[in-house]
Amino acid sequence: MAARSIKLKEAHKSSSIGSVSTCSILWDLKSEHLVTSSTSDTNISIHDALLTSKSPKILPEHKQGVTALALNPDSTCLASGSLDHSVKLYDFPGGKFQTNVTRFTLPIRCLSFNKSGSLLAAAGDDEAIKLINTIDGTIAKVLKAHKGPVTGLAFDPVSDYLASVDSIGTVIIWEVSSGKPMHTLKSVAPDNKTDTSVLNVLSWSPAGDVLAVPGLKNDVVMYDRDTSEEEGSLGGHSKSVCFISWSPNGKYMATSSLDKQIWVWDVDKKQDINCQKFEDRISSMAWKPTGNALAVIDINGKYGVWDSVVPSHMKSPLDGAPKPRSNASAYFDEDTHESSGSGSLSNCDESSFGEPEPLNRKRLRKQTEFDTLVEDGDGAAGFSTKAKPRKKASDGHKKPVDDVYDEVGSGVKLGRPKMQESFQPGCTPLQSGKRRFLCYNMLGIITSMETDGYSHIEVDFHDTGKGPRVPSMTDYFGFTMASLNENGSVFANPCKGENNMSTLMYRPFSSWANNSEWLMRFEGEEVKVVALGSGWVAAITSLNYLRIFSEGGLQKHVLSLDGPVVTASGFKDELAVVTHASRLPSNDQMLEFRVFNFAKETQPIKGCLPLTPGSCLTWLGYSEEGQLSSYDSKGVLRVFTNQFGGSWLPLFSACKDKPEDNYWVVGLNESTLFCILCKNPLTYPLVTPKPVLTLLNLLFPLASSDLGANVFENKLMLKSLSLSQTQKRIEEMATAHQSTMSLEDKAFDIETSLDQCILKLIDACCNGDKLERATELVKLLSLDKSVKGAIKLATLRKLPVLADRFNCILEERMQNETTETTPYTKPSSNGFKAQEIMPIAANRRMEVEDALPQPKLHSPLFSRQEKTEISRSAVGKERIESNGHLSAEKIKITDRKVQGEANSLKKVMTIPEKPALFGSISKIIGKGNISEDISQSELHRPTNPFAKKSPNTQVKTPSLLDSIKKMKDGGKS
């Protein structure tokens, strides 16, 4: 019955002569990769099963030999144990190291994932079994009952039971939910004592009805799942069995032995059907999930694949096998979510690691945002004893998949469709015995961990050089939410105690007075959301009251809101509040937002908050520039702008980035979204390990352009939005009589960048024969030099008609500029000319004479270039006559000093050269050598904002002396 010999090739170097290594081998779910390891090698090898000649991928993370491997059911996570006492997790098949999930005091011998991949069992020489939650890396349970090193672990396919075997031959079947032994079988496996070269193993059948264990008579004994009674055995080896592998359908079993043979068995008939002899003992085997083959590795680290294990005339080992699990069903069987502050899993046993305990061992699919809840007879949400089949698409009464709002704030809520409950931005759900975030924003974090009836709160700033050092605090009130800004932090808790009191506490970071923190109590009224701003503290309660306090604790305002609060966020003088407006029959929520300005005691903005259909709000906050922003559970970020009378712009969509992951938003600026990437099914970050911020570029959800220039179109829209916001701030600062020079410089830089982007779009239009669109784009160019560049670009592209149109547009623009009158000025009460607010381009073209009466030049760039300024003492104390001119007789200045001051002014008024605005057209469009470039003298330097244009476009900067003479002549006339 012997088959042809199998050629093995080396995967790992063997240990020293005379010693024996323990090696492991695994298939992935799709049979595309083989993973091997050895106790004589610190590396793990990932082999390409399709391209066997390709070098394997090496994972060199362990410091000592690797003793155990395990792949989660959907083959996305690889676990390894080692002689260095550590258990590590990797991405698969990429092999990127994720984390060290646990450490033991002695070497690890075995690993096993449960069916959903949410639990990893690990054990070794220290006799204890650790159940590790793979979602957050915490230890869910530690199982202790063995009296010897644990050498084998196996979850049953239903994940109700965990089987383990030790080196002295004891088998224990554990109930996973309680962590207690259900059956203990003593001395049923060989007693290997301390010999680590031979390890006892065990394996559940794919159906989970029997457990196979090496017997004492060189056989394999099978035990009933529920009664643990012996159901039969398979015997034929001359020495002890050292490894067992079931076929995918459970009809066949492969066994390896110390006699260096592999036998293949028909389990139902208890008959051997194939046999293979090897040069050395086979240490590990793995049946191919998608074929009639067996991967083997011996004690010397040599591996190979035995094809046609089952004879062709017999039933295939794949017939009747369970279908492979997909990524979408990776967590169907167990719900590992923690309950949020706004909801709980009422039917879950607290001791079952977040798993429900259904009857008859029927495992229910995890409820997600895209599933419909199974309701009981009374209509209340809950878990039924049997999972109902999903309705077909043709069913006339199929519910929409988005009827359920699972994600509420930072956590997860299961229940009937209902209005979203309130949540605190940047706050994560309560986790017993674990540290959680009370607040996480762009400034810092506030964490809390409950122990022995009270909590320990810590405040940390991301930039320790800017934020003060805040001592930790012992929390006796049980605070569940917090907010943080530069001046202090505010905390609140829900109603608790005999009097049903809710507490609000504010802690300033610095104060000249002692005992500057304060407390407020609310009897029969619960604080739902808190927020901070410049000089105010806000608390919104269950009675729909908005309560405003000063930083010193003075109660300043109490306002009634129109509906129940959802969330709120503060920025400087403004507070944004989101409330429920109404409930629509389609189950979509209707939320309303309003913004309060406490410095002016106004409500400048009010309206409906847009949400993606079927979603709920998960974050609300302000950008670093002060733009109100929101993020919903469908992954869409929106920013409120003043465009079109106040509109929300969608600036990011997670479904176009990584739809399989969850983004937990922290903050944003004008170009970047700051968030934490949470692997499914987790929707919020854990404090440990420390989360890493992910930076994502803001992108409009644009349609696919026929030019393929979506990148430039997106940049054009974002830059235009930034320019609009900058101009609005300039107007606000000018109205407040504040210097706007730095903002004007920023606006000019944005205009320059916009022109660069528009020129690239024009080039794309020229290449794509979209000449009408190119004409529209030319009209958007800010600088005349840019229009000239577009003309030369059209000429180089051999489009003379388009170049003529561009030239007409330029001539029309220049004609409009020459006909423009000088900026209107009106005399003020003190005699100075008060200039009206003008656009950025107009400010850039101000004449020097109009700039002279300004008492001071504000640009820091000028003072850096030249420390010499026009001294008021040199000019004297000018007096302004009623006609607005300087009094000539009061100007005391010598000709030499005038000349010196004029030279000094000329230096001061010199605009520092900016980087090349465009350079050559070939550089812009990224093409090859083009014979004719745009003149650097035309495009290299931006327009001098203080220069006066003459008809021949030559710029001449008048000296101070010329200006004074002109003033004298005006005064005499």
Side-chain angles (χ1 to χ4, degrees), residues 338-346 350 405 408-415 418-434 436-439 446-457 473-484 488-507 517-532 536-549 553 555-570 575 577-580 616-617 620 684:
E338 299 285 350
S339 61
S340 71
S342 57
S344 62
L345 302 178
S346 58
E350 293 180 358
Y405 299 97
V408 179
S410 306
V412 174
K413 177 178 174 62
L414 300 180
K418 55 186 286 187
M419 290 196 300
Q420 177 180 351
E421 296 189 15
S422 60
F423 69 92
Q424 179 72 30
C427 182
T428 58
L430 176 65
Q431 303 170 76
S432 179
K434 301 176 186 177
R436 58 176 291 217
F437 290 111
L438 293 182
C439 177
I446 301 177
T447 58
S448 173
M449 185 172 68
E450 183 178 357
T451 53
D452 299 332
Y454 61 90
S455 300
H456 183 72
I457 293 179
M473 177 181 73
T474 301
D475 171 26
Y476 297 99
F477 298 96
F479 294 128
T480 58
M481 66 192 79
S483 185
L484 172 72
S489 55
V490 61
F491 304 86
N493 65 354
C495 291
K496 61 189 302 184
E498 297 179 358
N499 296 327
N500 200 28
M501 302 280 283
S502 183
T503 304
L504 178 75
M505 185 180 80
Y506 177 71
R507 294 185 70 197
E517 66 181 44
W518 48 264
L519 285 172
M520 295 288 170
R521 299 291 185 90
F522 307 96
E523 185 173 355
E525 182 181 359
E526 184 174 70
V527 177
K528 293 292 187 180
V529 182
V530 294
L532 285 176
W536 55 266
V537 179
I540 307 171
T541 70
S542 56
L543 298 182
N544 300 343
Y545 288 161
L546 169 59
R547 297 181 176 272
I548 306 300
F549 307 85
Q555 302 187 54
K556 299 182 67 176
H557 305 285
V558 180
L559 306 176
S560 286
L561 300 176
D562 294 342
V565 65
V566 177
T567 190
S569 181
L575 169 68
V577 180
V578 176
T579 59
H580 285 285
C616 58
L617 183 65
L620 181 78
Y684 55 87

| message | If we ignore hydrogens and angles and just use 3.5 Å, is the side chain of Ser448 paired with the main-chain N or O of Leu438 as donor and acceptor? | response | no
| task | Quick one: pull up CD1 in Ile548 and CG in Leu575 and give me the separation to the nearest 0.5 Å. | result | 5.5 Å
| Closest non-hydrogen atom pair between Gln555 and Phe549, with its separation | CG-CE2, 3.4 Å
| remark: Output for pair (Lys434 NZ, Thr447 OG1), nearest 0.5 Å, gives 15.5 Å
| said: Do Gln424 and Cys439 make a side-chain contact, defined as non-hydrogen atoms from C-beta onward lying under 4.5 Å apart? | reply: no
| message | Under a 3.5 Å distance rule, please check whether Asp475 uses its side chain to pair with a backbone N or O of Ile457 as donor and acceptor. | response | no
| task | Determine the minimum heavy-atom distance between Ser569 and Leu620, stating which atoms define it. | result | CB-O, 3.7 Å
| note | Rounded to the nearest 0.5 angstrom, the NE2-CG distance for His557 and Leu546 is 9.5 Å
| Does the Ser502 side chain pair with the main chain of Phe522, one donor and one acceptor, at a distance under 3.5 Å? | no
| remark: Rounding to 0.5 Å, atoms CG (Leu532) and OH (Tyr506) come to a distance of 6.0 Å
| remark: Heavy-atom nearest pair, Gly426 first then Phe437, reads O-CB, 4.0 Å
| said: If you compare all heavy atoms of Asn544 against all heavy atoms of Val565, which two are closest, and at what distance to 0.1 Å? | reply: OD1-N, 4.3 Å
| request: Search all heavy atoms of Phe479 against all heavy atoms of Thr503 and return the closest pair with its distance. | output: CE2-O, 4.1 Å
| message | Testing the basics here: between Asn493 and Gly478, what is the closest heavy-atom pair and its distance to 0.1 Å? | response | CB-O, 3.3 Å
| task | Using modelled atom types only, decide if a donor and an acceptor are shared between the side chain of His580 and the backbone of Gln420 within a distance under 3.5 Å. | result | yes
| message | Treating Arg436 as the side-chain partner and Thr480 as the backbone partner, does any N or O pair qualify as donor plus acceptor under 3.5 Å? | response | yes
| Any donor and acceptor pair, going by atom type alone, linking the side chain of Arg507 with main-chain N or O of Ser489 inside 3.5 Å? | no
| field | Lys528 and Glu526: CA distance, side-chain angles, deciding distance, salt bridge (charged side-chain N to carboxylate O under 4.0 Å, His left out) verdict | value | CA-CA 6 Å; Lys528 293 292 187 180; Glu526 184 174 70; 2.9 Å; yes
| task | Look up atom CZ in Phe491 and atom CD in Glu517, then write down how far apart they are to the nearest 0.5 Å. | result | 9.5 Å
| Heavy-atom check, side chain of Leu430 versus side chain of Glu450, under 4.5 Å | yes
| Side chain of Ser483, backbone of Val490: donor and acceptor closer than 3.5 Å? | no
| remark: Distance col, row Leu559:CG vs Tyr545:OH, nearest 0.5 angstrom, shows 11.5 Å
